[in-house]
Amino acid sequence: MPQYALQNPESLEASAETTLSALLEEIINLRSLVIDGAATRLSPYAGNYPVGQCSDSAQNLAHYLSLRRHDLRPLQERLAQAGLSSLGRCEAHVLGTLNQVANILGRALGAPIDQFQQQTFAERYTQALQTMEGNTRHLFGPRNPEREAYIMVTLPHEAALDAGLVRALIRQGMDCARINCAHDDKDT
């Protein structure tokens, strides 16, 4: 039978508390950066929305774009090591996911941060997921019944010169195309 060295329980508890506290601080800081980044991104468009308030979908998209401006990999690794969401599937409700992770960390530390919650996360996440799925169908049309995902192709330079290539991609199931404007020149 293998022998395991037991560590001092107080030492383990202090180490876990330090780890969780650092994660909570990082999530709260990231949340602030996401909110500020989204506000900056949306401010030029506020006049296009009734009473200057963007839709929930527009706000979530801005939160998502703001979140993805950061390299989350080190944080995601530490969150996963702590048994928490790694934020990898938060696109439906970015701010809600950050709030939920902060709340879980706060509860684990004995200091819940419930001011981030207005209704249960599960209800809000389900509503946000349904909205995202509806917006996706509205934008791309009905899904191909033979597969779960839409197919987006980043077009190569050759696609600008070969309409047959684009037609072939459509026949093969491409749902939408992406043009990478970082390559080639304005005329291409």
Side-chain angles (χ1 to χ4, degrees), residues 27 30-80 84-101 119-188:
I27 288 291
L30 178 60
R31 181 182 183 279
S32 292
L33 291 171
V34 165
I35 289 169
D36 292 346
T40 299
R41 184 176 295 276
L42 290 172
S43 66
Y45 307 103
N48 297 329
Y49 290 91
V51 247
Q53 181 64 39
C54 299
S55 68
D56 289 345
S57 293
Q59 288 179 21
N60 187 63
L61 177 59
H63 288 142
Y64 180 76
L65 294 172
S66 180
L67 177 73
R68 292 298 174 201
R69 292 188 57 83
H70 304 279
D71 182 1
L72 301 175
R73 291 173 297 176
L75 172 61
Q76 288 175 311
E77 181 66 29
R78 290 191 310 281
L79 287 167
L84 297 165
S85 167
S86 65
L87 309 175
R89 296 285 316 236
C90 70
E91 63 273 0
H93 194 10
V94 174
L95 195 55
T97 302
L98 291 170
N99 291 346
Q100 184 69 356
V101 172
Q119 63 187 131
T120 69
F121 175 70
E123 289 171 354
R124 287 192 331 266
Y125 186 81
T126 299
Q127 290 168 356
L129 192 56
Q130 290 169 347
T131 298
M132 185 178 74
E133 289 171 357
N135 289 343
T136 301
R137 275 191 308 281
H138 182 72
L139 183 62
F140 295 114
R143 267 188 222 273
N144 182 328
E146 296 176 17
R147 62 177 192 264
E148 277 294 309
Y150 290 97
I151 298 175
M152 178 173 70
V153 175
T154 301
L155 295 177
H157 167 81
E158 294 78 18
L161 308 171
D162 183 357
L165 172 62
V166 177
R167 281 192 290 277
L169 290 169
I170 292 169
R171 277 193 305 275
Q172 291 297 314
M174 176 180 75
D175 293 300
C176 69
R178 174 180 174 267
I179 299 171
N180 187 345
C181 295
H183 300 290
D184 301 319
D185 58 24
K186 183 174 74 171
D187 293 334
T188 304

| task | Any chance you could measure Gln100, atom CD, to Leu95, atom CG, to the nearest 0.5 Å? | result | 12.0 Å
| field | Carboxylate-amine/guanidinium contact Arg147 Asp175, below 4.0 Å | value | yes
| field | More than 12 heavy atoms from other groups under 6.0 Å of CZ on Arg143 | value | yes
| task | To the nearest 0.5 angstrom, please state how far the CD atom of Glu91 sits from the CG atom of Leu129. | result | 8.0 Å
| Audit row: Leu30, His70, side-chain contact (heavy atoms from CB on, under 4.5 Å) steps and yes/no | CA-CA 9 Å; Leu30 178 60; His70 304 279; 4.0 Å; yes
| task | Examine distances only and state if a side-chain atom of Thr97 and a backbone atom of His93 form a donor-acceptor pair shorter than 3.5 Å. | result | yes
| task | Say whether, by atom type as modelled, one donor and one acceptor occur between the side chain of Asn180 and the main chain of Leu155 under 3.5 angstrom. | result | no
| Atom of Ala58, atom of Tyr49 and distance for their closest heavy-atom approach | CB-OH, 3.5 Å
| Okay, side chain of His63, backbone of Gln59: is any donor-acceptor separation there less than 3.5 Å? | yes
| From Asp162 CG over to His157 NE2, what is the distance, rounded to the nearest 0.5 angstrom? | 11.0 Å
| message | Minimum heavy-atom separation for Cys176 and Phe140, please, with both atom names. | response | SG-CE2, 3.4 Å
| query | Under 3.5 Å, side chain of Tyr150 to main-chain N/O of Gly141, donor-acceptor pair present? | reply | yes
| query | Just by distance, with hydrogens left out, do Ser57 and Asn135 show a side-chain donor and acceptor under 3.5 Å apart? | reply | yes
| field | Over 12 foreign heavy atoms within 6.0 Å of CD1, Ile179 | value | no
| What is the minimum heavy-atom distance between Leu98 and Arg31, and which atoms define it? | CD1-CA, 4.0 Å
Expected list for residues 39-47: side-chain donor-acceptor pairs under 3.5 angstrom, two or more places apart:
residue: Thr40; atom: OG1; partner: Asp36; partner atom: O; Å: 3.0
residue: Ser43; atom: OG; partner: Thr40; partner atom: O; Å: 3.2

| remark: Output for pair (Asp56 CG, Leu61 CG), nearest 0.5 Å, gives 12.5 Å
| query | Just how far is it from atom CZ of Arg69 to atom CG of Leu33, taken to the nearest 0.5 Å? | reply | 11.0 Å
| message | Are Asn60 and Ser55 packed together at the side-chain level, in the sense that at least one heavy-atom pair is separated by less than 4.5 angstrom? | response | no
| message | Between Ser66 (side chain only) and Val34 (backbone N and O only), is there a donor and an acceptor less than 3.5 Å apart? | response | yes
| message | Rounded to the nearest 0.5 Å, what separates atom CZ in Arg78 from atom CD1 in Ile27? | response | 9.0 Å
